[in-house]
Amino acid sequence: MSPEINNFILFWVCIIGLCMGSFFNVVILRSLSGESIVFPPSKCPKCNHKLYPWHNIPVLSYIFLRGKCHFCKEKISIQYPIIELLTMLMYAAAFLKFGTSLETIFAFIIISSLIIMTATDIKEQSVDCNIAIGLAVVALIFHLFATGLNVTAFINSLLGLVVGAGIIELFANAGKLLFKKRAMGEADTYVAGALGACFGLQNLIPFFIYSFAASLLFVIPTFIYNQYKRNNKAVCILFILFILTSLVLFKGTFEAMWLHYSLLALLAIIGISLVVMILRGLKNENAPLYMPFVPALALGALYFIFF
């Protein structure tokens, strides 16, 4: 394919991404409110006034309206242009990665599902499991027919679904030992199962490694900030010492081996103490801190797809 045709297709992929992002905003808003995504037509969520077509131009309408409703002058959530731009960028990245192929369409479907489910999980700790079920069905069909009738790929995808959901269920129920309740929501199981179907059994280990690593980006800063607000200085100090010791080990070169091993021992002691204090703190919480795991699954999935 010539560069001119490739750039032409890329341009329209970006336009489609922006438009789909605008539609996803409607799906996100109305899936939380319980309204139909078709009727009524687009309206301001604050004053409920019907919007004109020029109020729905992705990104540009937000800029021209200066982030405010044309009718009631209430602020428009920054979520709208963020979702539109994010969808555009992800669609463009998928096209550049896979070109004009069925893999690109499949990647679009995965990206679209993850954007919607991640947004609702962050906003209201709620996920429409029907989206995850639909994604799983699409994944099974894709693996069965993408390269002709491929029963082996279908079985691999089906096993990925079952094992992926089973791993999350294992962690969720293990949490009952600490919290006397599930450590993860049921929607996390659906999403993990759907992504397991997308990537197949043989890719589950790296996918979950990426996802659990991504979860640390949400869990650790939020927990430490929560401890800081509660004036729990011991946890905060141990966390700072753990980071500083890790940086010294990562950056340093040691002529004396005893210093290297001493720092490793210190890091292990601090790490174990920190884990014990965190687990003890979580166990004693009256209302354990809820951490949305779907964003972590989404980040792990996107990293797996593109890198």
Side-chain angles (χ1 to χ4, degrees), residues 20-40 42-46 48 74-87 90 109-139 161 164-176 179-198 208 211-212 214-219 221-223 225-226 282 285-302:
M20 291 302 294
S22 181
F23 172 67
F24 296 159
N25 277 316
V26 176
V27 175
I28 292 165
L29 180 66
R30 297 194 178 187
S31 65
L32 293 174
S33 65
E35 295 179 276
S36 167
I37 62 174
V38 180
F39 299 104
S42 296
K43 60 181 180 178
C44 171
K46 303 292 176 59
N48 292 321
E74 287 288 330
K75 288 185 177 180
I76 302 172
S77 173
I78 192 65
Q79 166 199 311
Y80 291 90
I82 288 177
I83 294 294
E84 291 160 358
L85 288 171
L86 180 62
T87 306
M90 291 294 99
I109 295 172
I110 296 174
I111 290 166
S112 303
S113 303
L114 291 177
I115 287 174
I116 295 170
M117 293 188 293
T118 297
T120 58
D121 197 28
I122 291 175
K123 284 174 68 70
E124 297 292 339
Q125 293 80 55
S126 174
V127 175
D128 186 350
C129 295
N130 291 318
I131 297 175
I133 294 171
L135 178 59
V137 171
V138 169
L161 188 157
I167 289 173
I168 294 299
E169 275 298 294
L170 181 64
F171 277 99
N173 287 287
K176 292 181 179 179
F179 311 126
K180 308 302 180 185
K181 60 184 294 188
R182 288 176 61 94
M184 296 176 178
E186 292 182 1
D188 297 329
T189 300
Y190 282 88
V191 176
L195 292 173
C198 291
F208 274 114
S211 297
F212 281 109
S215 70
L216 298 179
L217 299 175
F218 298 95
V219 174
T222 304
F223 180 81
Y225 177 68
N226 193 46
L282 289 173
E285 288 275 0
N286 293 325
L289 183 64
Y290 174 81
M291 295 305 304
F293 191 60
V294 171
L297 289 170
L299 286 175
L302 292 174

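Both backbone and side-chain heavy atoms feed into the values below; hydrogens, waters and symmetry mates do not.
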Is it the case that the side chain of Thr120 and the backbone of Met117 share a donor-acceptor pair, with hydrogens and angles ignored and the cut-off at 3.5 Å? yes
Between the OG atom in Ser31 and the CZ atom in Phe24, the distance rounded to the nearest 0.5 Å is 12.0 Å
Starting from the C-alpha separation in whole Å, work towards a yes-or-no answer on side chain to side chain contact (heavy atoms under 4.5 Å, CB included) for Thr87 and Ile111. CA-CA 8 Å; Thr87 306; Ile111 290 166; 5.5 Å; no
Given the rule in the side chain to side chain contact (heavy atoms under 4.5 Å, CB included) test, do Tyr80 and Leu29 qualify, once you have shown the distances and angles that lead to the verdict? CA-CA 10 Å; Tyr80 291 90; Leu29 180 66; 3.7 Å; yes
With side chain to side chain contact (heavy atoms under 4.5 Å, CB included) as the test, would you mind laying out the steps for Leu114 and Leu195 before giving the verdict? CA-CA 10 Å; Leu114 291 177; Leu195 292 173; 4.1 Å; yes
Are the side chains of Leu135 and Cys198 in touch, meaning some heavy atoms are under 4.5 Å apart? yes
If you look at every heavy atom in Ile115 and Ile28, which pair is closest and at what distance? O-CD1, 4.4 Å
Checking Thr189 side chain against Ile168 main chain: does a donor-acceptor pair fall under 3.5 Å? no
Sequence-distant partners of Lys123, side-chain hydrogen bond (donor to acceptor under 3.5 Å, both in side chains), two or more places apart: Gln79
Point-to-point distance, once rounded to the nearest 0.5 Å, from OG of Ser22 to CE of Met20: 10.0 Å
Taking every heavy atom of Ile83 against every heavy atom of Gly21, the minimum-distance pair comes out as CG2-O, 3.6 Å
Looking only at heavy atoms, the pair that brings Ala194 and Ala132 closest together is CB-O, 3.3 Å
Which residues pass the side chain to side chain contact (heavy atoms under 4.5 Å, CB included) test with Leu85, sequence neighbours left out? Leu18, Val59, Met88
Verdict with reasoning, Asp128 to Ile131, per side chain to side chain contact (heavy atoms under 4.5 Å, CB included): CA-CA 6 Å; Asp128 186 350; Ile131 297 175; 4.0 Å; yes
Considering all heavy atoms of both residues, which atom of Gly300 and which atom of Ser211 are nearest to each other, and what is their separation? CA-OG, 3.6 Å
Looking at Asn173 and Glu169, would you say the former's side chain and the latter's main chain have a donor-acceptor pair under 3.5 Å? yes
Taken to the nearest 0.5 Å, the spacing of Asp121 CG from Asp188 CG works out to 6.5 Å
Partner of Phe293 under ring pair (Phe, Tyr, Trp, His ring centres under 6.0 Å), picked from Tyr190, Phe208, Phe212, is Phe212
